[in-house]
Each structure stands twice: as C-alpha cells, then as structure tokens.
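Okay, structure first, notes after.
This one's a predicted model, so the numbers in the text were calculated from it and none came from an experiment. All heavy atoms count here, side chains included; hydrogens, waters and symmetry mates do not.
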Amino acid sequence: MLNKITIISDCSRAYSLPMTIMSWLVIFTYACFESGNILYGVLSLIGLCAAHLGTNVLDDFFDYKFLIKQVGFDKHEYLKNTQKTKCRHLISGIVSEKEILTLAGFYFALAAFIGLFFYKLCGTTVLYFAAGGGILAVLYPILSRFRLSEFAVGITYGPLLFGGVYYVMTKTISPEVFWLSLPTMFVTIILLYIHTIMDFDFDLKEGHLTVANIFDSQLDSLIVLKIFTIIAYASLVFLCILDILDWQILLVFLTIPLSVDLYKSMKDFSIDTESIPEHKWYHFPMENMKHIAKIGAASFMIRIYQSRNLMIYFGILLSIAIILEQM
C-alpha cells in the first residue's frame, strides 16, 4: 500500500502542491477578513489541488507519448540520464497508460464535481473561472511546446485562482484581488522557470519550446530569472502604493536571502549540472532526500525544493502580513 501511495505521489508530482496551496493561502486569508465563507474556501483548495495534480499527470502522459514516437528513443538511456522524475514510472513500465489516464481522470472528476457544487451555490460566474482554469489545464501540455508555459501558469495562479477563490468565498468580484495576485503569481512563475532552466537540453530534445531555451545557454537564460524575481518583490511595494495592503507586507522581504541563494544555485548549475547547492538551515523542508540521491536526482530536486520553499515562505509571510494589517 505504501509503495502504491509513493508511486501515485511521484506520478502526480505531489511535491509541487505548495505552489497551489501557498497561492490559495494568501487569497483565503484576505477573503476571510472580507467576511468570506471559510468552509467554501477550504473546499476550493481541494478542487484546486485536484486540478493541479491532474494537470501534472496529463502533462507526463503527453510527454511520454511524444517520447515513444521519437526515432531511436532508448528508454534505458533516458532513464539513466534524465534529471527529473517525469515519465519515469511510465517508461519503466511500473504503471500503464491506462492507469495514468485513470488517475488523471479521477483528479479532474473531483475538481469538476467541486466546481459544479460551487456553480449551484454561487451561480454562473463560477463557470468563467472554472472554465478558464480547466481549459489552461487541458491545453498546458500543448502550450508548453510553444513557449507559453509561463503565460498559462501566470494566468492560472494569478487572476483565475485569486478571483475564483475570492468569489466562492464572498460571492463578489474585486479588482483589488487581481492586483493582490501579482507577487505570488511571479514567484510561482519562478518555480516553473527554474524547472525549465534545468530541463534546458531535455526540453529541446522532447520538443518543448520554453522561454529558457530561447537563449543560447542556461547561463544566459538566468537574466529572465533575475527579472521575474525583481518584479515579484517590486509588486509588493506596488500593492502598498495602491493602498491594497499596508507596510506590513514588507515582511515578505525576509525571503530575499532565499531568492539570492536560489539565483546563485542556478548559476552554479548552469556551469556544472552535477553541482550540489550548499544546504543552509533555512532551506528546509527537503523530503525524501535518500530516495532522490539513490536515483541520482539530487542536483535537480534540491533546486526544485529551493524554489518551492521560496514559494512556501513567501506565501506564509504575505498571509501573516495580511493578518497583521487587520489587527
């Protein structure tokens, strides 16, 4: 049973869930102080997580189908050289295509059921947010081949997530909510961008056209990471200027050391893909490291954890800032 749960977690890339949970936490906290329905907020999180995991599973399935159509594709060579866990269980035969599609179907069915529940309670406006997110989720594997991954993630985890959660909790739409989504939206994009920088060569081989591989090298692509990071922190000041949040939001600047470490870590990776980042006390949590080291994915996964943990601390501190403002 434990082994099956581990396989499902790997196939679903459950380690990436904090990007959904932390984005949700910010708008959930904000909506609570606007007399939002807490139960509906929690239920929306379940639906969001289901849609997120379903998208991950479906993305792997389409990647797998593309790989096996490649002329000369050698699954043993791929498994030996790949830095990521994507498609690993499909390629090795541990899970079948039918099982992967069934898992994706379960996630999307759960998300759809919760969406219908909110439609009955809150009306047709819910459908606009749900349809937008659903379309981007289904199209994500295709969009990722046309350098639109960052766009899709930005729209989904920015205005759609924030607007949708706020609406089901308060049954209103507020322009301030869309501005509020900017900081976490860019941090989420950073998480995805870190992934695509490290998958620079693999994405080219698999036919993925990303913003990162517009550049001649991974090192050159770091300029975009720097721009995204600057925008994420600048948008916090922007929220103060617009008087959406007060000075407490500057608490989030405590995450700047994490951002600096992440950039340095990616610079090292661009020079030597086997390099292991220095592990500092504030870099936790980093789970399953023994298993990750065993499959030779430490260099990749530690950096994914660094970007994910930046998202965790960023979201928590932003939520705390919202609470402090109301005290």
**Within residues 247-260 or reaching into it, pairs that qualify as side-chain hydrogen bond (donor to acceptor under 3.5 Å, both in side chains) - sequence neighbours excluded** =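 Pairs touching residues 247-260 that pass the test: Y233-T255, Y233-S259.
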
Between [X] (side chain only) and [Y] (backbone N and O only), is there a donor and an acceptor less than 3.5 Å apart?
X    : Y    : result
T170 : T172 : yes
T156 : V153 : no
S44  : V165 : no
S235 : A232 : yes

Are there more than 12 heavy atoms of other residues, nucleotides or ligands under 6.0 Å from atom [atom1] of [X]?
X    : atom1 : answer
D272 : CG    : yes
F33  : CZ    : yes
K226 : NZ    : no
F151 : CZ    : no
L254 : CG    : yes

**Request:** Could you please spell out the steps behind the side chain to side chain contact (heavy atoms under 4.5 Å, CB included) verdict for Y263 and L222?
**Result:** CA-CA 8 Å; Y263 183 83; L222 292 180; 3.9 Å; yes

Any side-chain heavy-atom pair from [X] and [Y] closer than 4.5 angstrom?
X    : Y    : answer
Y15  : I304 : yes
T196 : F200 : no
I114 : L110 : yes
V260 : T229 : no
M169 : S35  : no
E99  : L103 : no
L209 : L148 : no

**Request:** Applying side chain to side chain contact (heavy atoms under 4.5 Å, CB included) between M266 and each of D261, L225, L219, report the one that passes.
**Result:**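 It is L225, the one option of D261, L225, L219 that forms the side chain to side chain contact (heavy atoms under 4.5 Å, CB included) with M266.
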
**Item:** Test log, rule side chain to side chain contact (heavy atoms under 4.5 Å, CB included), inputs T188 and S23
**Value:** CA-CA 8 Å; T188 305; S23 295; 3.6 Å; yes

Transitively linked via ILVMFWY side-chain contacts under 4.5 Å: [X] with [Y]?
X    : Y    : value
I227 : I230 : no
V237 : I231 : yes
L121 : Y128 : no
M22  : I323 : yes
L250 : I322 : yes

Heavy-atom closest contact ([X] atom, [Y] atom, distance):
X    : Y    : result
A104 : G54  : CB-O, 4.2 Å
L160 : G132 : CD1-C, 3.6 Å
L239 : P183 : CD1-CG, 3.7 Å
F215 : Y193 : CE1-OH, 4.2 Å
M311 : V187 : SD-CG1, 3.6 Å
S319 : L25  : OG-CG, 3.3 Å

**Prompt:** Checking side chain to side chain donor-acceptor pair (under 3.5 Å) for the pair R303/S307: CA distance, chi angles, key distance, verdict?
**Reply:** CA-CA 6 Å; R303 289 175 169 91; S307 57; over 6 Å; no

**Request:** Any ring pair (Phe, Tyr, Trp, His ring centres under 6.0 Å) involving residues 99-124? Give me the pairs, sequence neighbours left out, ordered by first then second residue.
**Result:**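 Listed by first then second residue: Y40-F118.
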
**Message:** Does anything in residues 164-188 form a ring pair (Phe, Tyr, Trp, His ring centres under 6.0 Å)? List the pairs, not counting sequence neighbours.
**Reply:**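 For residues 164-188, and leaving out neighbouring residues, the ring pair (Phe, Tyr, Trp, His ring centres under 6.0 Å) pairs sorted by first residue read W179-F238.
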
**Request:** Could you pull out all residues at least two apart from K267 that satisfy salt bridge (charged side-chain N to carboxylate O under 4.0 Å, His left out)?
**Result:**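 Salt bridge (charged side-chain N to carboxylate O under 4.0 Å, His left out) check on K267 returns nothing, list empty.
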
**All salt bridge (charged side-chain N to carboxylate O under 4.0 Å, His left out) counterparts of E287, not counting sequence neighbours** =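 Testing E287 for salt bridge (charged side-chain N to carboxylate O under 4.0 Å, His left out), a comparison that skips the adjacent residues, returns R308.
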
Could you measure the distance from the [atom1] atom of [X] to the [atom2] atom of [Y]? Nearest 0.5 Å is fine.
X    : Y    : atom1 : atom2 : result
T55  : R13  : OG1   : CZ    : 9.5 Å
L161 : S181 : CG    : OG    : 9.0 Å
I194 : Q306 : CD1   : CD    : 8.5 Å
L236 : T184 : CG    : OG1   : 9.5 Å
N309 : L191 : CG    : CG    : 9.5 Å
L53  : L48  : CG    : CG    : 11.0 Å

**Message:** side chain to side chain contact (heavy atoms under 4.5 Å, CB included), that's the test. Do I189 and M185 meet it? Break it down for me.
**Reply:** CA-CA 6 Å; I189 291 174; M185 180 183 79; 4.3 Å; yes

**Message:** Is it true that S16 and N56 share a donor-acceptor pair across their side chains at a distance under 3.5 Å?
**Reply:**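 Judged by distance alone, the side chains do pair up.
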
**Request:** Evaluate the criterion side chain to side chain contact (heavy atoms under 4.5 Å, CB included) for residue pair E176 and Y30; output intermediate values, then yes/no.
**Result:** CA-CA 11 Å; E176 291 186 351; Y30 184 83; 2.9 Å; yes

**Request:** Output, in order, the C-alpha distance, side-chain angles, deciding distance and verdict of side chain to side chain donor-acceptor pair (under 3.5 Å) for N213 and T210.
**Result:** CA-CA 5 Å; N213 61 36; T210 67; 3.2 Å; yes

**Item:** Where at least one partner belongs to residues 318-327, residue pairs that pass salt bridge (charged side-chain N to carboxylate O under 4.0 Å, His left out), sequence neighbours excluded
**Value:**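 Those involving residues 318-327 do not exist here.
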
